[in-house]
Amino acid sequence: MKTTWPDLLTSALLGTDRRGGTPTALLDAAATATVRRRAGLRPATAHNRPVPAPPDTRPALPPAAHRRLALLLADRDRTTPSGAGGGGRRGAAPNLSELLPQWLTSANEHGYAAPPALLPALLDAARARTDLRADALALAGPRALWLAELNPDWKFALRAGARGIAPATDDPSAVRRLWEEGLFAERVAVLTRLRLREPQAALALLRTTWVTERAEDRLMFLDSLREGLSPADEPFLEQALSDRSRNVRATAAELLSALPGSALATRMAQRARSCVSLNAAGAGQITIEAPYECDTAMERDGIAPIPPSGRGKRAWWFAQLIDATPLATWTDRLQGRTPEQIVALPVADDWQADLHAAWCRAAVRQRDPAWARALLGPTPAASTRVATIGDPAKLLSILPEPERSAWVARFIASHGLAEAFQMLGVCAVPWSEPLGRSVVDALDIARDAGSYPWSFSGVMGLAERCLHSSEADGATALTAAPEESADTTPGAGTYWAEAFQRLVSTLRLRAAMLAELEP
């Protein structure tokens, strides 16, 4: 009687002493059955082989940099970025996840291609951390799309539209063909690249297919017009105000309001002027008369009629009008005053918070440094409560980098780090020497004051990413564990020492890894 494969499996699981026979006989029967099973298999239908991966002609990484990338990617799953959550104790070892973003940025600046063997790990890293995607996909190059077509886990690369995916070309016919036949990510990339080089050629390309695009795609394509936005874009954006998609209409209105000379900006200014005036008695006080309705023309110009929960309708409409009004309107409306003088004027009937917050958003939208300075004001003194109206980080982002860093450095010197996290995030990397020194000094002061150490883990993580490598020597003096008193949190001194040790070792490691990327 022939022994079946299930019989052999049962004998192997239960043992030959319970099923009969000997171990040798069982193995002989298994060998025979294996040959029989393999010989009886029918050949499967052959699938088409995938097309070869596109070539990547960029230079390969130097060997040391290749090894460094492999280490950074291998460490990715064992650490999480500081400030991303938890804030737990991480010891004194360098946090490699803090170094990966800068490594990718520097590698792309040098024009290197990612090693093919590391592409899967690189795409996994980009999938897990959206802050890495643009640089990771740029380093991965055209092969990122090829791999994304083969693995559903990497489909995000097809939607990302990251720089470096679409092949650069100056051939108009090739650009047109890629625009008409390419994947969505390729189309976004080619439109973005063309917009940087020839803004109006990019707009002309977008016009060719605009009416046939999906609403979500129109929104993404329209957003790409932020780069190189100019009055020449106004006719197209004015037409988009009538788009069937509410999100497209809102984005078109936002872009038009960033063009102070546009017809939409003029319409908004006319409405806003009727809402804001000086006290008739000449007392130097601003009075507000918010709109009583949101008509069809206002809705077409981007005014959302329904306010968020808890917000009054008139205040909601008023804020949107001021957001979209050219800031130069107020110098004329308020008797030739400068932005600083306008911001200093009192506002009647508790409208000051709404008006100043709207001016902050308008300054950010219109990228107006003069108004940003006026709304920020001088760096608050240590005894002064920090204003909560507007977003200081967004206002700072408009200022030239040296001025921005100097303002934040003075702020930290006066107020410490408690309210500076977002401001630090808009300063150029690596931080300037005065800014870096102010951060290290503030951390040292917080430690000496017995502050709870884990509350500064986010700032410490920023310092690991953003401090200049030259600050390592200065921070070395802080790596010793201080003596703990009865007033300090138990173990806080050891934690602070470990955090400073990690900071110093991370800075030195960063200096080494950037040197490895040099040709």
Side-chain angles (χ1 to χ4, degrees), residues 133-134 137-138 142 144-145 148-149 155-268 296-305 320 323-324 326 365-367:
R133 286 188 180 176
L137 291 175
L145 288 179
E149 291 282 5
K155 288 294 185 184
F156 70 87
L158 303 178
R159 303 185 299 269
R163 57 187 173 88
I165 288 184
T169 178
D170 294 323
D171 181 0
S173 61
V175 169
R176 182 64 177 265
R177 184 169 59 254
L178 189 60
W179 175 250
E180 294 176 348
E181 302 175 5
L183 298 167
F184 177 69
E186 293 176 312
R187 301 181 71 211
V188 172
V190 76
L191 184 66
T192 301
R193 181 177 289 110
L194 187 59
R195 183 71 177 178
L196 289 170
R197 188 173 66 244
E198 300 178 62
Q200 290 313 297
L203 180 61
L205 186 67
L206 179 58
R207 283 180 179 276
T208 62
T209 60
W210 177 257
V211 296
T212 62
E213 304 287 357
R214 300 181 305 167
E216 56 267 35
D217 293 350
R218 291 200 306 278
L219 182 62
M220 288 289 292
F221 295 144
L222 192 64
D223 197 62
S224 70
L225 299 185
R226 295 181 189 277
E227 189 70 46
L229 186 66
S230 74
D233 300 314
E234 183 180 356
F236 176 77
L237 293 173
E238 188 73 29
Q239 291 177 1
L241 290 176
S242 302
D243 195 272
R244 55 187 181 274
S245 165
R246 178 176 60 85
N247 290 333
V248 171
R249 295 196 302 271
T251 300
E254 180 188 349
L255 293 174
L256 283 167
S257 67
L259 295 171
S262 68
L264 179 138
T266 301
R267 295 193 295 269
M268 290 297 194
T296 303
M298 289 170 64
E299 284 194 54
R300 183 180 183 274
D301 283 346
I303 303 298
Q320 293 178 84
D323 285 359
R365 181 180 295 185
Q366 297 172 38
R367 311 299 297 174

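Numbering of residues begins at 1 and proceeds along the displayed sequence. When reading the values below, keep in mind they use all heavy atoms of this one structure, side chains included, and skip hydrogens, waters and symmetry mates.
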Test side-chain hydrogen bond (donor to acceptor under 3.5 Å, both in side chains) applied to T296 - qualifying residues, sequence neighbours left out: none

Would you please name every residue forming a side-chain hydrogen bond (donor to acceptor under 3.5 Å, both in side chains) with S257, sequence neighbours left out? R365

Summary of salt bridge (charged side-chain N to carboxylate O under 4.0 Å, His left out) pairs that have at least one residue in residues 240-251, sequence neighbours excluded: R218-D243

Sequence neighbours excluded, every pair satisfying ring-ring contact (aromatic ring centres under 6.0 Å, His included) that has a member inside residues 216-235: W179-F221, F184-F221

Under the side chain to side chain contact (heavy atoms under 4.5 Å, CB included) test, residues paired with S262 that sit two or more places apart: E234, L256, L259, L264, A265

Measure across L237 and A252 and return the closest heavy-atom pair with its distance rounded to 0.1 Å. O-CB, 3.7 Å

Who are the side chain to side chain contact (heavy atoms under 4.5 Å, CB included) partners of R176, not counting sequence neighbours? E180, L205, T208

Could you tell me the separation between the CG atom of L178 and the OG atom of S173, rounded to the nearest 0.5 Å? 11.0 Å

Spatial distance of atom CG (L229) from atom CG (L203) [nearest 0.5 Å]: 10.0 Å

Partner residues of D233 under the side-chain hydrogen bond (donor to acceptor under 3.5 Å, both in side chains) criterion, sequence neighbours left out: R195, Q200

Contacts of L219 meeting side chain to side chain contact (heavy atoms under 4.5 Å, CB included) (sequence neighbours excluded), chain-then-number -> N247, V248, T251

Assess whether side chain to side chain contact (heavy atoms under 4.5 Å, CB included) is satisfied between I303 and M268, documenting all intermediate values. CA-CA 10 Å; I303 303 298; M268 290 297 194; 3.6 Å; yes

Pairs touching residues 234-268 that satisfy ring-ring contact (aromatic ring centres under 6.0 Å, His included), sequence neighbours left out: W210-F236

Any ion pair linking R193 and E198 (charged N to carboxylate O, less than 4.0 Å)? no

Filter on salt bridge (charged side-chain N to carboxylate O under 4.0 Å, His left out), then keep only pairs touching residues 223-232, sequence neighbours left out; what's left? D223-R226, R226-E254

Which heavy atom in A253 sits nearest to a heavy atom in G302, and how many Å separate them? CB-CA, 3.7 Å

Side-chain touch L206/E213, heavy atoms, less than 4.5 angstrom: no

Note: P260 and Q366 closest approach over all heavy atoms is CG-OE1, 4.4 Å

Walk me through whether Q320 and M298 qualify under side chain to side chain contact (heavy atoms under 4.5 Å, CB included). CA-CA 10 Å; Q320 293 178 84; M298 289 170 64; over 6 Å; no

Just jot down the side-chain hydrogen bond (donor to acceptor under 3.5 Å, both in side chains) partners of E299, sequence neighbours excluded, or say none. none

Pairwise salt bridge (charged side-chain N to carboxylate O under 4.0 Å, His left out) hits with a residue in residues 258-267, at least two apart: E238-R267, R267-D301

Look up atom CG in D217 and atom OG in S245, then write down how far apart they are to the nearest 0.5 Å. 11.0 Å

Please tell me if the side chains of R187 and T209 come closer than 4.5 Å, counting only heavy atoms from C-beta onward. yes

